[in-house]
Each structure stands twice: as C-alpha cells, then as structure tokens.
Q: 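One structure, pasted below without further comment.
Since the structure is predicted, the reported quantities are computational estimates derived from the model, not experimental observations. Every heavy atom of this structure was used, including side-chain atoms; hydrogens, water molecules and symmetry mates were not.
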Amino acid sequence: LRRRERSVEEYVKTLGVLSEQTGELSRIVESLLFMARLEQDTAPPFQEPRQLNDWLAAYVERWKSHPRAGDFSLRLGDDASIAASSPLLGQLLDNLVHNAFKYSQPGTPVTLQTIRRNDQITLAVKDRGVGIPKEDLSSIFEPFFRSAEARRAGIAGAGLGLAIAARIAAALNGRLECESEHGAGTTFFLHLPLTQQTR
C-alpha cells in the first residue's frame, strides 16, 4: 500500500483484510491471557446459584442476530439449580457453539440441550458437521491443537477455543467430554454438579 498510490477500492479491500487479521490476532492474545489467568488464579471464580433453564433461555437470545440463528435451537429438560459464574459459563458455551457453526454447513441444525441425571446436569451442544477423526479425539482439548483435516480445508482457528472451554469446565467443578463420528457430526457434553436444592 505504501509503495505506490492505489485505487480507493484497493485501499478499502486491503484495509478490510488488515482489520480482519488484526482482529484475529487480538482474539488469540486475549485467549492466551484468559488461559494464563485461569492457570494462575488459585481462588475459584465467583459462583452463585442460578436456575439453569432461565439462564439458558436468556443466553440463546444473544445469538438472534447471528447469520445462522435459524439453525440454532434450545431443548430444555427438567430445570435444575447450579452454582456457576455466568461470564465463564457463557464463554464456555460460546466456544462450543462457535465451533459447531464453524464445522457444519449453513442450514444444518445446531442444538443446545439439557439432560438431568442423578446429581448432575449435562449441557449438550450437537451439530451435524464434518465430525472429528477418532485419532484426534484425545488431543482436541490441548492448546493449539488443530487437526490436519481442518488445516487442509483452510478452516480458520488457533486451536485455543476447546482448550479454554475445558479449563473453564474444570474451574466450574465440571468436566467436558466429546463424542464424534467423522463425517456425521459432533456432540460436546458439559457435566456440571447440581446445587443441594435440586439434588
């Protein structure tokens, strides 16, 4: 851009690319700082009891302006009370839903569902996307891991979203698991303990 004068269209196009790449770098730095804070903070995050069904209904509203909002649905089971940090739980689900959209085609469903069993509640995020090869399943929660298939397909990402999600799950006294069939879709399961009042 600086070597010679260009048309307005060229400037606009190139500045758009620079803005997008700068934004991606900013998101990567923020993700790294977020993980570092989770690792270094020995005190658990502030958590307060909340009714999960009400919280999820409000959470899904945040996606109404997304281009794939029509593909996203919420299926609520029996209500439950959990103790959680709302910002952290929101960040965790954001990462899972973003991934579901990224690795599935527009027009295919992405579902957020709750399943209550015994002393825990499970939040399942399911898509019908490309799926994850079996040999990669054991590595998907490692920082910076990206499958060879995703790299070949040119799918953007830094390999931090699932690593952050798994660490948030642990900070919330829960755990994150994944089931996937290559070529058929993926489901992530977030298992969280119930509070005493719903056990």
Q: R116 side chain to D79 main-chain N or O, any donor-acceptor pair under 3.5 Å?
A: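 Side chain of R116 to backbone of D79: a pair is present.
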Q: Just checking R75: does its CZ atom have more than 12 heavy atoms from other residues, nucleotides or ligands closer to it than 6.0 angstrom?
A: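 No - once you tally the heavy atoms of other residues, nucleotides and ligands closer than 6.0 Å, there are 12 at most.
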Q: When you group the ILVMFWY residues by side-chain heavy-atom contacts below 4.5 Å and let the links chain together, are L172 and V125 in the same group?
A: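 Looking at the clustering, L172 is in the same group as V125.
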Q: Looking at side-chain heavy atoms only, is the closest gap between R68 and T108 below 4.5 Å?
A: yes
Q: Just verifying a value: how many Å separate R62 CZ and F72 CZ, rounded to the nearest 0.5 Å?
A: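 One finds 10.0 Å between CZ of R62 and CZ of F72.
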Q: Give a yes or no on this: more than 12 heavy atoms of other residues, nucleotides or ligands lie within 6.0 Å of atom CD of E142.
A: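 Atom CD in E142 is packed in, count exceeds 12.
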Q: Taking only residues two or more places apart in sequence or in another chain, which ones pass ring-ring contact (aromatic ring centres under 6.0 Å, His included) with H66?
A: W63, F101
Q: Check the pair R6, T14 against side-chain hydrogen bond (donor to acceptor under 3.5 Å, both in side chains), reporting the backbone distance first and the verdict last.
A: CA-CA 11 Å; R6 301 169 188 268; T14 306; over 6 Å; no
Q: For the atom pair OG1 (T187) and CG (L96), what is the distance rounded to the nearest 0.5 Å?
A: 11.0 Å
Q: Can you see which heavy atom on A169 is nearest to which on L190, and at what distance?
A: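 The pair with the smallest heavy-atom distance is CB-CD1, 3.7 Å.
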Q: Supply the atom-to-atom distance F188 CZ to L92 CG, rounded to the nearest 0.5 angstrom.
A: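 With rounding to 0.5 Å, CZ (F188) is 10.5 Å from CG (L92).
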Q: Show the nearest heavy-atom pair for residues G131 and T186, with the distance to one decimal.
A: CA-OG1, 3.5 Å
Q: Is there a side chain to side chain contact (heavy atoms under 4.5 Å, CB included) between L89 and Y59? Walk through the geometry before answering.
A: CA-CA 10 Å; L89 183 57; Y59 169 80; over 6 Å; no
Q: Just wondering, more than 12 heavy atoms not from Q105 lying within 6.0 Å of its CD?
A: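 No, CD of Q105 has 12 or fewer neighbouring heavy atoms, counting only those of other groups under 6.0 Å.
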Q: So Q51 and S81, do their side chains get closer than 4.5 Å, heavy atoms only?
A: yes
Q: Taking all heavy atoms of G185 and all of S180, pick out the closest pair and write down the distance.
A: O-OG, 3.2 Å
Q: Enter the distance from L52:CG to D78:CG here, rounded to the nearest 0.5 Å.
A: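 L52 CG to D78 CG: 11.5 Å, rounded to 0.5 Å.
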Q: I need the full list of salt bridge (Lys or Arg N to Asp or Glu O under 4.0 Å) pairs touching residues 122-133, with sequence neighbours left out, sorted by first then second residue.
A: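 Sorted result for residues 122-133: empty, none.
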Q: Hey, could you give me the CD1/CG distance between I140 and L162, rounded to the nearest 0.5 Å?
A: 5.5 Å
Q: Report whether L88 and I82 are members of the same hydrophobic cluster (ILVMFWY, side-chain heavy atoms less than 4.5 Å apart, transitive linking).
A: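 Linked, L88 and I82 end up in one cluster.
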Q: Do the non-hydrogen side-chain atoms of L123 and L56 ever get within less than 4.5 Å of each other?
A: yes
Q: What are the two closest heavy atoms between I121 and A80, and how far apart are they?
A: CD1-CB, 4.1 Å
Q: I need the Q120 CD to N173 CG distance, nearest 0.5 Å.
A: 12.5 Å
Q: For a quick test of reading the model, state the closest non-hydrogen atom pair linking A165 to L176 and the distance between them.
A: CB-CD2, 3.7 Å
Q: For the side chain of N95 and the backbone of G161, is there at least one donor-acceptor N/O pair under 3.5 Å apart?
A: yes
Q: Would you say the side chain of S85 lies within less than 4.5 Å of the side chain of Q91, judging by non-hydrogen atoms?
A: no
Q: With a 4.5 Å heavy-atom cut-off, do L192 and T122 have their side chains touching?
A: no
Q: With no hydrogens and no angle check, is any side-chain donor or acceptor of T195 less than 3.5 Å from a backbone partner on A83?
A: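 Checked: no pair found.
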Q: Please name the pair of heavy atoms, one in F141 and one in C178, separated by the smallest distance, quoted to 0.1 Å.
A: CZ-CB, 4.4 Å
Q: Is R117 atom CZ crowded by more than 12 heavy atoms from other residues, nucleotides or ligands, each under 6.0 Å away?
A: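 Atom CZ in R117 is not packed in, count stays at 12 or less.
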Q: Does atom CD of E5 have more than 12 heavy-atom neighbours from other groups under 6.0 Å away?
A: no
Q: Is any side-chain heavy atom of V97 less than 4.5 Å from a side-chain heavy atom of L112?
A: no
Q: Does the pair H182 and E135 meet the rule for a side chain to side chain contact (heavy atoms under 4.5 Å, CB included), with working shown?
A: CA-CA 10 Å; H182 193 209; E135 61 271 21; over 6 Å; no
Q: Consider only side-chain heavy atoms of I, L, V, M, F, W and Y, link residues closer than 4.5 Å, and tell whether L76 and L194 are in one cluster.
A: yes
Q: Could you work out the complete set of other residues in the hydrophobic cluster of V12, with links drawn between I, L, V, M, F, W and Y side chains under 4.5 Å apart?
A: V8
